[in-house]
Amino acid sequence: VQLQASGGGLVQAGGSLRLSCAPSGRTSSYYAMGWFRQAPGKERKFVAAINWSGGNTYYADSVKGRFTISRDNAKNTVYLQMNNLSPEDTAVYYCAATRTPFTYYTYSFYTMGSSYAYWGQGTQVTVSS
């Protein structure tokens, strides 16, 4: 599974962006998906995740109330709506998919990068002050 992330860009503080992630080629829509981000010189960190059906979502404390993850399984696409962005949100954002479709996981599982088998190439988000 190859994932394509898009939607990054430059935005002023307080602005919004919507990231998208879709697999290339024919593949199942029903993998749990996550978004991670990595700022320059820092470790990659969990941002948000959504289970295979879209019925459960999970967020890092730093983005709760500002970011919303969603999915459209008919379009085989996962979104990350980011509102009220701050310069601290500047990072490369990566989407990732778990290995097995139709599977439920715990919050802890979603927060670990090692839980994901497939990764996108990353999309840059820059927030200016």
Side-chain angles (χ1 to χ4, degrees):
V1 177
Q2 290 186 323
L3 303 175
Q4 301 289 334
S6 61
L10 174 63
V11 64
Q12 289 187 331
S16 298
L17 284 173
R18 188 176 80 158
L19 306 184
S20 299
C21 176
S24 58
R26 292 174 61 87
T27 186
S28 169
S29 298
Y30 303 108
Y31 295 91
M33 300 289 292
W35 285 96
F36 289 74
R37 66 186 182 186
Q38 187 167 21
K42 296 188 177 181
E43 294 183 350
R44 183 179 61 192
K45 291 187 177 181
F46 169 74
V47 175
I50 188 166
N51 75 343
W52 67 268
S53 67
N56 293 94
T57 56
Y58 309 85
Y59 298 95
D61 288 342
S62 58
V63 306
K64 276 181 183 176
R66 300 188 300 122
F67 291 12
T68 302
I69 188 170
S70 62
R71 67 189 302 155
D72 184 340
N73 284 344
K75 295 182 178 180
N76 210 3
T77 301
V78 173
Y79 305 97
L80 185 67
Q81 177 67 43
M82 306 185 295
N83 298 330
N84 193 20
L85 285 161
S86 72
E88 289 71 33
D89 296 315
T90 295
V92 177
Y93 284 71
Y94 298 91
C95 62
T98 56
R99 183 176 302 279
T100 306
F102 302 108
T103 305
Y104 292 97
Y105 302 103
T106 64
Y107 174 78
S108 295
F109 180 92
Y110 284 115
T111 66
M112 298 184 295
S114 58
S115 299
Y116 299 83
Y118 310 104
W119 291 82
Q121 82 286 3
T123 185
Q124 176 70 48
V125 171
T126 303
V127 185
S128 63
S129 57

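Remember, predicted model here, so these are calculated numbers, not experimental data. Residue numbers run from 1 in the order of the sequence given. These values consider heavy atoms only, across backbone and side chains, with no hydrogens, waters or symmetry-generated copies.
Scored by the side chain to side chain contact (heavy atoms under 4.5 Å, CB included) test, Thr103 finds Thr100, Tyr105 as partners (sequence neighbours excluded).
At a threshold of 4.5 Å between non-hydrogen side-chain atoms, the residues Arg66 and Met82 do not count as touching. Residues Leu3 and Val78 are not in side-chain contact: their nearest non-hydrogen atoms beyond the backbone lie 4.5 Å or more apart. With a 4.5 Å cut-off on side-chain heavy atoms, Pro101 and Trp52 do not count as touching.
Here the closest heavy-atom approach between residue Val47 and residue Phe67 is recorded as CG1-CD2, 3.7 Å. Residues Ala13 and Ser129 come closest through the heavy atom pair CB-CA, 4.3 Å. Heavy-atom minimum distance, Trp35 versus Ser20: CH2-O, 3.6 Å. The heavy-atom pair separating Ser16 from Gln81 by the smallest distance is CB-NE2, 3.9 Å.
Distance check: Thr77 OG1 to Leu19 CG gives 12.5 Å after rounding to the nearest 0.5 Å. Here the OH-CG distance, from Tyr30 to Asn51, works out to 12.5 Å after rounding to the nearest 0.5 Å. Within the model, atoms OG of Ser53 and CZ of Phe102 stand 10.0 Å from one another, a figure rounded to the nearest 0.5 Å. Note that OG1 of Thr68 is 8.0 Å distant from CG of Leu80, once rounded to the nearest 0.5 Å. Taken to the nearest 0.5 Å, the OG1 atom of Thr98 stands 8.0 Å off from the CE atom of Met33.
Side-chain atoms of Thr57 never come within 3.5 Å of backbone atoms of Ile69 as a donor-acceptor pair (strictly under, hydrogens ignored). In this structure, the side chain of Tyr118 does not engage the main chain of Cys95 through any donor-acceptor pair within 3.5 Å. Gln121 contributes a side-chain N or O that, together with a main-chain N or O of Ala5, makes up a donor-acceptor pair within less than 3.5 Å.
Shown are Tyr94, Tyr110, Phe46, Tyr93; of these, the ring pair (Phe, Tyr, Trp, His ring centres under 6.0 Å) with Phe36 is made only by Phe46.
Sequence neighbours left out, the pairs with a member in residues 35-44 that pass salt bridge (charged side-chain N to carboxylate O under 4.0 Å, His left out) are Arg37-Asp89.
Both Phe109 and Tyr107 are assigned to one and the same hydrophobic cluster, defined by single-linkage of ILVMFWY side chains at heavy-atom distances under 4.5 Å. Cluster annotation: Tyr31 and Tyr116 are assigned to distinct hydrophobic clusters (Ile/Leu/Val/Met/Phe/Trp/Tyr, side-chain heavy-atom contacts under 4.5 Å, transitive). The cluster map of Ile, Leu, Val, Met, Phe, Trp and Tyr, joined by side-chain heavy atoms under 4.5 Å apart, puts Val63 and Leu17 in the same cluster.
Looking only at atom types and distance, the side chain of Gln124 has a donor-acceptor partner in the side chain of Thr126 under 3.5 Å away.
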Trace of the side-chain contact (heavy atoms from CB on, under 4.5 Å) decision for Tyr58 with Thr111: CA-CA 9 Å; Tyr58 309 85; Thr111 66; over 6 Å; no
